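Please read the structure below before turning to the comments.
Convention: sequence-line order gives letters A, B, ...; per-chain numbering from 1. This structure is a prediction, so every number in the text was calculated from the model and none was measured.
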Amino acid sequence: MLRLGLCCLFQQAPIKFRSTTATYLKKLDRPGQLARVSQLCLDNSNTLVTALDEVHQLGFGSFRVMSPLFPIFTHPQVGYQLDELPHAAQIRANLATVKLRKEQYGLRLSFHPDQFTLLSSPRPEVTAASLQELTYQAQLAEMIGADVINIHGGGVYGDKAAALLRLEQQITALPEPIRSRLTLENDDISYTVADLLPLCTKLSIPLVYDAHHHRCNPDGLSIADATEACVQTWRQVGREPYFHISSPKYGWQNKPRPHADFIDSADFPAEWLTLNATVDVEAKAKELAILRLQQDLLLPAWKAQGEADD
DNA sequence: GCATGTCAAGTTGTG
DNA sequence: CACAACTTGACATGC
């Protein structure tokens, strides 16, 4: 059965995650900074419980957790550790509740670090910052039971083979909590499915297949080929395949990269419909887009195993 | 109150 | 060469 996943935010449901800026925190003394971020982390951990309830209620099977759940956690000047926070115990308790809900509802949880997190850069400081961010997200993933931390290949730097080699070396050296969750996704500019596949196969790193990126940045593989290749990388680690779908905001003609509010069901690969897989829906109308897609594709609401049928 | 400019980070391609 | 595009919204500030 296919499960559709919501990415980070809601459009209609009144569920909002809080944030702050480094500029603001720098005006406070250290205890002031910690008091501020502690409150934000506490609020966000409560909101995450609510978010899972809502995702379940809506009949979705997956949720992508926003990277700044703990705002500005890895910032070099104003970053912090969970145990420095006055509300650390309550925050941990809330995240344990999230994990419990995830299991009750049969949900899948994931992380998608943003474009600053990449393992192919020739610059050591970029790689070091990326490792910091991955360490943070793996720590969260461990606490809430998320099985995926998904990143892109990063930059090419004029030599894709050399960049891929750096990527391979960095992945090989990752600590287990990151390595066991790390996935690679084809992007819309640099790395295609065909580029990433050899590395994914060699290192047993699953490949997240984004059909929209594939259409923006083709590699000669058909959608059916890329789907099959992706499924293989998940099968080799005994886990459920993972896809991304979105529709272009301005049509496929000029600049197809920006995402539309909703998904045109014609863009949804028919090959996916019969699989047991997760599909993150990247659409600006968020849960409204998933509900509409569910209807358009005649997909049933997601249910945990053993959950009553009404 | 409400409008508005600003927000940590990397890389690529555009204008 | 600067700037937008990448999941974009929410915060802090100043009127």
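- B/dT4 sits 24 Å from C/dC6 when the C1' atoms are compared, rounded to a whole Å.
- Heavy-atom neighbours of A/Gln57 CD from other residues, nucleotides or ligands within 6.0 Å: at or below the threshold of 12.
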Check nucleotides 11-15 of chain C against the protein and report each pair of N or O atoms closer than 3.5 Å, with its distance, or say if there are none.
unit_1	atom_1	unit_2	atom_2	d
C/dA12	OP1	A/Arg36	NH2	3.0
C/dA12	OP2	A/Arg36	NH2	2.9
C/dT13	OP1	A/Lys27	NZ	2.7

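- Other members of the hydrophobic cluster containing A/Tyr157, listed by chain and number, are A/Leu118, A/Val126; membership follows side-chain contacts under 4.5 Å among ILVMFWY residues, whether direct or relayed.
- We find that CD1 of A/Ile15 is positioned 16 Å from P of C/dG9, with the value rounded to whole Å.
- Put simply, OH on A/Tyr157 is 6 Å from P on B/dT12, counting in whole angstrom units.
- Nucleotides B/dT6 and C/dT7 have their P atoms positioned 24 Å apart, rounded to a whole Å.
- Both geometric conditions, a ring-centre gap below 5.5 Å and a plane tilt below 30°, are not fulfilled together for A/Phe116 over the base of B/dG10.
- Checking the phosphate oxygens (OP1, OP2) of B/dT11, a side-chain nitrogen or oxygen of A/Ser121 falls inside 4.0 Å.
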Would A/His152 and A/His112 count as a ring pair (Phe, Tyr, Trp, His ring centres under 6.0 Å) if you check the C-alpha gap in whole Å, the side-chain angles of each, and the deciding distance to 0.1 Å?
CA-CA 9 Å; A/His152 294 288; A/His112 194 359; 5.2 Å; yes
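- Comparing C/dG9 with B/dG10, their P atoms are spaced 24 Å from each other, to the whole Å.
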Test salt bridge (Lys or Arg N to Asp or Glu O under 4.0 Å) on A/Arg92 and A/Asp83; report intermediate values, then the result.
CA-CA 10 Å; A/Arg92 284 185 190 280; A/Asp83 287 326; 2.9 Å; yes
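- Between A/Arg64 and the phosphate of C/dT7, there is no side-chain N or O to OP1/OP2 separation shorter than 4.0 Å.
- Note that A/Arg3 lies in the cation-pi zone of A/Trp302, set by a 6.0 Å cut-off to the ring centre and a 45° limit from the axis.
- Rounded to whole Å, the distance from CG on A/Leu131 to P on B/dG10 is 14 Å.
- Side chain of A/Val126, nearest nucleotide from B/dC7, B/dT12, B/dT11: B/dT11.
- Residue-environment remark: CD (A/Gln236) exceeds the threshold of 12 foreign heavy atoms within 6.0 Å.
- For the pair A/Asn44 CG and C/dG9 P, the interatomic distance rounds to 17 Å; values are reported in whole Å.
- The backbone N or O of A/Ala146 lies less than 3.5 Å from a partner atom in the side chain of A/Arg181, making a donor-acceptor pair.
- Side-chain atoms of A/Asn217 come within 3.5 Å of backbone atoms of A/Asp187 as a donor-acceptor pair (strictly under, hydrogens ignored).
- The phosphate of B/dT11 (OP1 or OP2) has no side-chain N or O of A/Ser190 nearer than 4.0 angstrom.
- Rounded to an integer number of Å, the gap from CD1 of A/Ile290 to C1' of C/dT7 is 13 Å.
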List the steps, then state whether salt bridge (Lys or Arg N to Asp or Glu O under 4.0 Å) holds for A/Arg64 with A/Glu282.
CA-CA 10 Å; A/Arg64 182 191 299 176; A/Glu282 298 183 330; 2.8 Å; yes
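- With rounding to whole Å, A/Asp114 atom CG is found 13 Å from B/dC7 atom C1'.
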Base-pair string, DNA chain C, Watson-Crick plus G-U, cut-off 3.5 Å on both distances, | for inter-strand, is ||||||..|||||||
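- Proximity of A/Lys16 to the phosphate of C/dG9: no side-chain N or O atom is located under 4.0 Å from OP1 or OP2.
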